[in-house]
Amino acid sequence: MNWCRYRFRSIWDLTARPTAVFAVLERAEDYPRWWPQVREVTQLDELTGTARFRSFLPYELLVTARAQRRDPGAGVLEVGMEGDLEGWARWTLSARGTGTRALYEQEVEVCKPLMRRLAVPCRPAFRANHAVMMRGGRRGLAAYLDGV
């Protein structure tokens, strides 16, 4: 087992329609406005940007993300990532009643040297850190969509 590889899956049920959720999620530069753990997003060009994250553990992650798939009809947004994390992340949106089910999937390998050295003993803490980040994102997005 590669202790530096992670696979995450989160489901967010939201009251807003899929088109409204897609419109917010495709604007990564606005994530810091509603997702507390996303500290900064800087657009580099039309398809690429950098993002800085920090949850409750005392470390930040910096990644460069590049759009790989943007399909409003299928409700899919996918990016490839390099930097402290290497891999991909994908949103898949579907209608659920009058709202949206947002599926977030991510497969990454940690490249940050300290996290690699602590991969085995700290794996549960790293997973918990990610779970806290995802809860913060779900709450923030739900509140943001209510105000839009």
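Quick note: residue numbers are just sequence positions, from 1.
When side chains are defined from C-beta on, W34 does not count as touching R139, because their heavy atoms never get closer than 4.5 Å. At least one side-chain heavy atom of R123 sits under 4.5 Å from a side-chain heavy atom of Y6.
By the 6.0 Å and 45° rule, R39 does not stack over the aromatic ring of Y31.
Judged by distance alone, the side chains of Y59 and N129 do bring a donor and an acceptor atom under 3.5 Å apart. A side-chain N or O of T48 and one of R66 form a donor-acceptor pair less than 3.5 Å apart.
Classification of R54 and E60 as a salt-bridged pair fails, no side-chain N sitting under 4.0 Å from a carboxylate O.
Other residues, nucleotides and ligands contribute more than 12 heavy atoms inside 6.0 Å of the CZ atom of R52. Within a 6.0 Å sphere centred on CZ of R5, heavy atoms belonging to other residues, nucleotides or ligands number more than 12.
Between the side chain of W35 and the main chain of M133, a donor-acceptor pair closer than 3.5 Å is present. No donor-acceptor pair under 3.5 Å is formed between the side chain of D13 and the backbone N or O of R101. Of the possible polar contacts, one joining the T100 side chain to the A16 backbone as a donor-acceptor pair under 3.5 Å is found.
Nearest heavy-atom pair, A20 versus L145, reported as atom, atom and distance to 0.1 Å: O-CD2, 4.0 Å. The nearest pair of heavy atoms linking Q37 to G136 is OE1-CA, 3.7 Å.
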Salt bridge (charged side-chain N to carboxylate O under 4.0 Å, His left out) between R69 and E78, intermediate numbers included: CA-CA 5 Å; R69 183 173 176 201; E78 184 174 322; 5.4 Å; no
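In this structure, the separation between CH2 on W12 and CE on M134 is 4.5 Å, given to the nearest 0.5 Å.
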